[in-house]
Amino acid sequence: MEKLVSSWYNVQPLPNNYIFPPDARPGKLDVPLCNNIPVIDMGGAGAEAHDRTSIIQQMLNASEEFGFFQVINHGIPENLLKDTMGVFKEFFELPLEDKASLYSEDPNKNCRLFTSSGNYDWEEAHFWRDILRHSCHPLEQCIQFWPQKPITYREHVGACSTQVREVALNILQLISEGLGLEPGYFRDERSQVSLLSVNYYPPCPDPSLTLGVPKHCDPNLITILLQGDVNGLQVFKDGEWIGVEPLPSALVVNIGYQLQIISNGKLKCAEHRAVTNSRNARTSTAFFFTPSPDCLIKPAGALINTSNPQRYKAFQYKEFITNYAMKQGKTDIVLEPFKLQA
C-alpha cells in the first residue's frame, strides 16, 4: 500500500524514481487543445439511412486520420456518467484501510488496486498514477469481486459498464459496415472481454519531469474513455502532441492494435499519453474491449486483394499480449513480430 502515489504524493521534490529520462519527458506542458479531433453525433445512427451512412463515414475518416474521435448523443444518460465518475473519485478518496483488501501486485487477481504499471519492479521510471482495474463482463460473474465501498459503486459502475459495452459494440458494428465486413463481425470472441481501468493522477510536484502514462498505443480492439473534466489526455499527430478537450458527457473512442490489424492497416491506432498537473487531481476511466485469449486475429479476408496485400500474420491474441508486455508497449517495435515482409 505504501507504493500508492495517492498515499504520499504531497512531497517536494519529485522522487527520483518518478523522473523520466530527458527524451521521454513531456516537454511543453501547455499544448493546445485540439478542435480538429472529430466529435461525432451518434443520434442518427438508428434513424434514416443517410444519417447512418454519414456517421459511418465520419468514424472511418476519424479512425484513418487520427485513430481517435469523440461521440455525443450515444444513449448513456448524463446523470449515470456523472454518478459513475463521482463514485470513482470517492473510491480514491477513501481511507487507506478501506482499500487495503483490494491492493495487489498479482496481475491475475480479478479486481485489484495497484500503482504505476504491471512492470513496477523493473520499469525505468514509475508512472504518476494509481489504478483500479477489474473485469466487467459478464456482469453477474464479475460484480462479486468489485469494491464494496463506496456503497453505490456496484450499482453505478454495473449500470454504466453495461451501457458502455453496448455503445462500443454499436460503434464496432458501424465500423464493420463501413469496412464492408459481415454483420456482427466484431461480436463474440473478438470483443469477448470488457476490462475497466480507472486511473487516478494526484497533483504532481513537477509535471515537467514525469508522466501519468507514457506514449503508447492500446493493445486491444477498441477503447472507450471517460476522461473527466480535467485536461491530461494527449494524442501524437503530425510530429506533435495535441490535447483532447474534455467535453461534457462525451465518450472518447480510440482504435487499438487489433482493429488496425483486422482492417489490414486501413484504420490506425494513435500514440497517446497522459500528462499530470500540479493543481488538480485527475480521474479518467478506460473501458478496454478485447478479444478472448485464444481468439485468432488476422486481417479480414474481405479487405485483402492484389492492390492491398495482407500486411500481418495470423496469431492468437494471447501471443500479442505476451509480446506487448515483453516490449513494454514500445510503439516502434511492438508490431514487428506480426508483420509480413513485403
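If you're wondering where the values come from, they're calculated on a predicted model, not measured in any experiment.
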Rounded to the nearest 0.5 Å, how far apart are CG of Leu196 and CZ of Phe288? 9.0 Å
Between His74 (side chain) and Ser249 (backbone), is there a donor-acceptor pair under 3.5 Å? yes
Go through the steps to decide whether Phe68 and His272 satisfy the test ring-ring contact (aromatic ring centres under 6.0 Å, His included), and finish with yes or no. CA-CA 10 Å; Phe68 260 78; His272 55 286; 5.2 Å; yes
Glu90 versus Tyr153, side-chain donor and acceptor atoms under 3.5 Å: no
To the closest 0.5 Å, what do you measure between OG (Ser263) and CG (Leu60)? 9.5 Å
Assess Arg190 against Tyr185: is NZ or CZ under 6.0 Å from the centre of the six-membered ring, and within 45 degrees of the ring's axis? yes
For residues Lys99 and Phe91, determine if any side-chain heavy atom of one lies less than 4.5 Å from a side-chain heavy atom of the other. yes
Salt bridge check, Lys89 against Glu93: does any charged N sit closer than 4.0 Å to a carboxylate O? no
Could you state whether Trp8 and Leu209 fall into the same hydrophobic cluster, counting links through intermediate Ile, Leu, Val, Met, Phe, Trp or Tyr residues with side-chain heavy atoms under 4.5 angstrom apart? yes
Joint hydrophobic cluster, Leu233 plus Phe236, side-chain heavy atoms closer than 4.5 Å: no
Where do Pro205 and Tyr9 come nearest, in terms of heavy atoms and distance? CD-O, 4.2 Å
Closest non-hydrogen atom pair between Ile131 and Ser117, with its separation: CD1-N, 4.4 Å
Could you tell me if the side chain of Asn277 sits less than 4.5 Å from the side chain of Asn231, heavy atoms only? no
To the nearest 0.5 Å, atom CD of Gln192 lies from atom OG1 of Thr290 at 10.5 Å
Counting only N and O atoms by type, is there a donor-acceptor contact under 3.5 Å from the side chain of Asp130 to the main-chain atoms of Val5? yes
Lys237 meets the salt bridge (Lys or Arg N to Asp or Glu O under 4.0 Å) criterion, sequence neighbours left out, with Glu65
Which value, rounded to the nearest 0.5 Å, describes the distance between Asn220 atom CG and Leu259 atom CG? 10.0 Å
What pairs of residues pass the salt bridge (charged side-chain N to carboxylate O under 4.0 Å, His left out) test when at least one of them lies in residues 150-168, not counting sequence neighbours? none
Donor-acceptor contact below 3.5 Å, side chain Thr115 vs main chain Arg129: yes
Under a plain distance cut-off of 3.5 Å, with no hydrogens placed, do Asn305 and Ser307 share a side-chain donor-acceptor pair? yes
Report yes or no: does Glu319 contribute a side-chain atom to a donor-acceptor pair with the main-chain N or O of Gln316 at less than 3.5 Å? yes
So how far is it from Asn110 CG to Gln144 CD, rounded to the nearest 0.5 Å? 8.0 Å
Here the pair of heavy atoms bringing Asn280 nearest to Pro203 is C-CG, 4.0 Å
Would you check, one step at a time, whether the test salt bridge (charged side-chain N to carboxylate O under 4.0 Å, His left out) holds for Asp206 with Arg25? CA-CA 11 Å; Asp206 193 340; Arg25 293 173 191 170; over 6 Å; no
Before you tell me yes or no, could you show the steps for Glu336 and Lys327 under salt bridge (charged side-chain N to carboxylate O under 4.0 Å, His left out), namely the whole-Å CA-CA distance, both residues' side-chain angles and the distance that decides it to 0.1 Å? CA-CA 11 Å; Glu336 291 304 314; Lys327 305 287 177 56; over 6 Å; no
For Met326, I'd like to know if atom CE has over 12 heavy atoms of other residues, nucleotides or ligands within 6.0 Å. no
Would you say Phe66 and Asn36 make side-chain contact, with heavy atoms under 4.5 Å? yes
Residue Lys266 excluded, over 12 heavy atoms near NZ under 6.0 Å: no
Which pairs count as salt bridge (charged side-chain N to carboxylate O under 4.0 Å, His left out) when at least one residue sits in residues 283-306, sequence neighbours excluded? Asp294-Lys318
If you take all heavy atoms of Cys204 and Leu14, which pair is closest and at what distance? SG-CD1, 4.0 Å
Contacts satisfying salt bridge (charged side-chain N to carboxylate O under 4.0 Å, His left out) that involve residues 174-185 (not counting sequence neighbours) are Arg52-Glu177
Checking Gln260 against Tyr312 for the side-chain hydrogen bond (donor to acceptor under 3.5 Å, both in side chains) test, could you report, in this order, the C-alpha distance in whole Å, the side-chain angles of both residues, the deciding distance, and whether it holds? CA-CA 10 Å; Gln260 175 174 316; Tyr312 303 99; 3.2 Å; yes
Parallel, tilted or perpendicular: ring planes of His126 versus Tyr120, cut at 30 and 60 degrees: parallel
Does Asn264 reach the main-chain N or O of Arg311 with its side chain, forming a donor-acceptor pair under 3.5 Å? yes
In terms of heavy-atom contacts, Leu181 and Ala302 come closest through CD2-CB, 4.0 Å
I want to check something: taking the side chain as every heavy atom from C-beta on, are Ser194 and Phe287 in contact at a cut-off of under 4.5 Å? no
For Gln234, give me all partners under side chain to side chain donor-acceptor pair (under 3.5 Å), at least two apart in sequence or on another chain. Arg273
Would you say the ring centroid of Phe127 lies under 6.0 angstrom from that of Tyr18? no
Under a plain distance cut-off of 3.5 Å, with no hydrogens placed, do Ser54 and Gln58 share a side-chain donor-acceptor pair? yes
Does His134 reach the main-chain N or O of Leu132 with its side chain, forming a donor-acceptor pair under 3.5 Å? no
Output the distance between atom SG (Cys217) and atom CD1 (Ile255), rounded to the nearest 0.5 Å. 11.0 Å
So, does Arg282 use its side chain to make a donor-acceptor pair with the main chain of Tyr201 at under 3.5 Å? no
For Asn10, side chain to side chain contact (heavy atoms under 4.5 Å, CB included) partners two or more places apart: none
Can you check whether Val275's main-chain N or O pairs, donor with acceptor, with Trp128's side chain at less than 3.5 Å? no
Give the cluster check for Leu139 versus Leu80: same hydrophobic cluster or not, with ILVMFWY residues linked at side-chain heavy-atom distances below 4.5 Å. yes
Using the rule side-chain contact (heavy atoms from CB on, under 4.5 Å), only one of Thr276, Asn17, Ile19 pairs with Thr210; which is it? Thr276
Can you confirm whether Glu124 is buried at CD, in the sense that more than 12 heavy atoms of other residues, nucleotides or ligands lie under 6.0 Å from that atom? no
Taking side chain as C-beta onward, heavy atoms only, is Pro291 less than 4.5 Å from Ile297? yes
Please indicate whether Lys149 has more than 12 foreign heavy atoms, meaning atoms of other residues, nucleotides or ligands, lying under 6.0 Å from its NZ. no
Are there over 12 heavy-atom neighbours, none belonging to Asn16, within less than 6.0 Å of that residue's CG? no
Taking the side chain as C-beta and beyond, is there a heavy-atom pair between Tyr103 and Lys3 under 4.5 Å? yes
Any idea how Tyr200 and Phe92 line up, ring-wise: parallel (<30°), tilted (30 to 60°), or perpendicular (>60°)? parallel
Should we count CD of Gln148 as having more than 12 external heavy atoms under 6.0 Å? no
Under a 4.5 Å cut-off applied to non-hydrogen side-chain atoms, are Lys215 and Trp241 in contact? yes
On a heavy-atom basis, which atom in Tyr257 and which in Pro219 lie closest, and how many Å separate them? CD1-CA, 3.9 Å
